[in-house]
Amino acid sequence: MTRAAAPFPVADLVRLHERVLEWFDVAQRDLPWRRDASPWAVMVSEFMLQQTPVSRVLPVYESWLQRWPSPAALAADSPGEAVRAWGRLGYPRRALRLHAAAVAIVAHHGGEVPPALDDLLALPGVGSYTAAAISSFAFAGRHVVLDTNVRRVFARIAEGEQLPATSVTSAERGLATALLPATEAHRWAAATMELGALICTARSPRCTECPVADLCRWRAAGYPEYDGARRPTQSWDGTDRQCRGRLLAVLRDSAGPVAKPQLDLVWPDAVQRERALDGLVADGLVEPVGDDSFALPG
DNA sequence: GATTCGTGGGC
DNA sequence: TGCCCAAGAAT
């Protein structure tokens, strides 16, 4: 049970807002989803950016919106085409969920991305972060936007700790709420995310370039190292995830169904291979075709 | 809460 | 060179 950090004096809070927002004005990256993007474009970017770096998202984002410029356009195509276009972004279930979300938007919201947090949260693949982000960035809504960047920035500046806890606590959400400015909350959200992405980075923070270094409690405390529990490092070699990735890659790169013997070539362990393939089918990423073939979902 | 779920780049 | 990390969600 860690005691909540003392709140910022009002004067410091005002400085914090001013400096971060001013810094954002001059330092923010020129990203396509910030250039007068439609709500749908913002939504697509948020799905793709879940656990995925900007540099890898950019090309897929561009081609995706060119092909499917609206929820209706995506909904009219097959989920398998969404999975194929997702390419090697990773976590391909996101492609499936984005497609399902597009279908739901057409069915329940007249084909327009809804601005309300509740409506967004009800969409597949949209959790607390993504709902707040879409409502903030596409509709200038006022919400607490807690992504990995913002959590790290607040942990350092306000709590004096190197890194936030493994999962979001109610105290942390309370802190973020207390820090939310009365106006320009959507810009505050984008600015704090950008500060975390460019300056207050996980590994080698650029504190000399930080606009609020003098307000930072982690810095004032002498940069103590994080002592809490870490997310367990995920293994890769030999895992089901690696196997799933290989199987799906074969199907993505094939125009039509693939015979099972062809799939068998990419993974030596038959037991694990079957389990992974069953899992892909259960997830709706793959569907059986005929007796002995598999394809992306039609 | 703890796990599962891809992929690739940086240090 | 391995390890850590990247705009999380669902179960």
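Chain A is the first sequence line, chain B the second, and so forth, proteins listed ahead of strands; every chain is numbered from 1.
The distance from the CG atom of A:L89 to the OH atom of A:Y61 is 13.5 Å, given to the nearest 0.5 Å. Note that CG of A:L285 and CG of A:L296 are 8.5 Å apart. Values are rounded to the nearest 0.5 Å. Atom CZ in A:R152 sits 11.0 Å away from atom CD1 in A:I157 (nearest 0.5 Å). Here A:L277 contributes atom CG and A:L263 contributes atom CG; the two are 6.5 Å apart, rounded to the nearest 0.5 Å.
You won't find any donor-acceptor pair under 3.5 Å spanning the side chain of A:R241 and the base of B:dT4, going by distance alone. Between the side chain of A:T166 and the base of B:dG1, no donor-acceptor pair under 3.5 Å is found.
Across the interface with DNA chain C, nearest-nucleotide mapping of A:P53 and A:P124 shows A:P53 to be the residue nearer the 5′ end. Toward the 5' end of DNA chain B, the nearer of the two residues A:Q234 and A:S204, judged by each one's closest nucleotide, is A:Q234. Both A:L121 and A:R56 lie close to DNA chain C; mapped to their nearest nucleotides by heavy-atom distance, the more 5′-ward contact belongs to A:R56. Of the residues near DNA chain B, A:R203 and A:P92, the one whose nearest nucleotide (by heavy atom distance) lies more toward the 5' end is A:P92.
B:dG1 atom P lies 12 Å from atom CD of A:E172, rounded to whole Å. Distance CE (A:M48) to P (B:dG6): 16 Å, rounded to an integer number of Å. With rounding to whole Å, A:L49 atom CG is found 17 Å from B:dT7 atom P. Rounding to whole angstrom units, CG of residue A:L58 and C1' of B:dG8 are separated by 15 Å. Counting to the nearest Å, the P atom of B:dT4 and the CG atom of A:L280 are 16 Å from each other. When the P atom of B:dG8 is taken as reference, atom OH of A:Y91 falls 13 Å away, rounded to whole Å.
For the segment residues 22-42 of chain A, residues with any heavy atom less than 4.0 angstrom from an atom of DNA chain C are, sorted by number, A:R29, A:L31, A:W33, A:R34.
The outermost nucleotides of DNA chain C lying under 4.0 Å from heavy atoms of chain A, listed 5' to 3', are C:dC4 to C:dA10.
For A:W40 and A:W68, the distance between ring centers is not under 6.0 angstrom.
With salt bridges taken as basic N to acidic carboxylate O contacts below 4.0 Å, one links A:D77 and A:R67.
Looking only at side-chain heavy atoms (C-beta outward), A:F8 and A:L179 come within less than 4.5 Å of each other. The shortest side-chain heavy-atom distance between A:V212 and A:L215 falls under the 4.5 Å cut-off.
B:dC5 and C:dA7: their P atoms are spaced 23 Å apart (whole Å).
OP1 or OP2 of B:dG6 has not a single side-chain nitrogen or oxygen of A:R93 nearer than 4.0 Å.
Taking the six-membered ring where tryptophan is involved, the planes of A:Y223 and A:W218 are perpendicular, since the angle between them exceeds 60° and thus also 30°.
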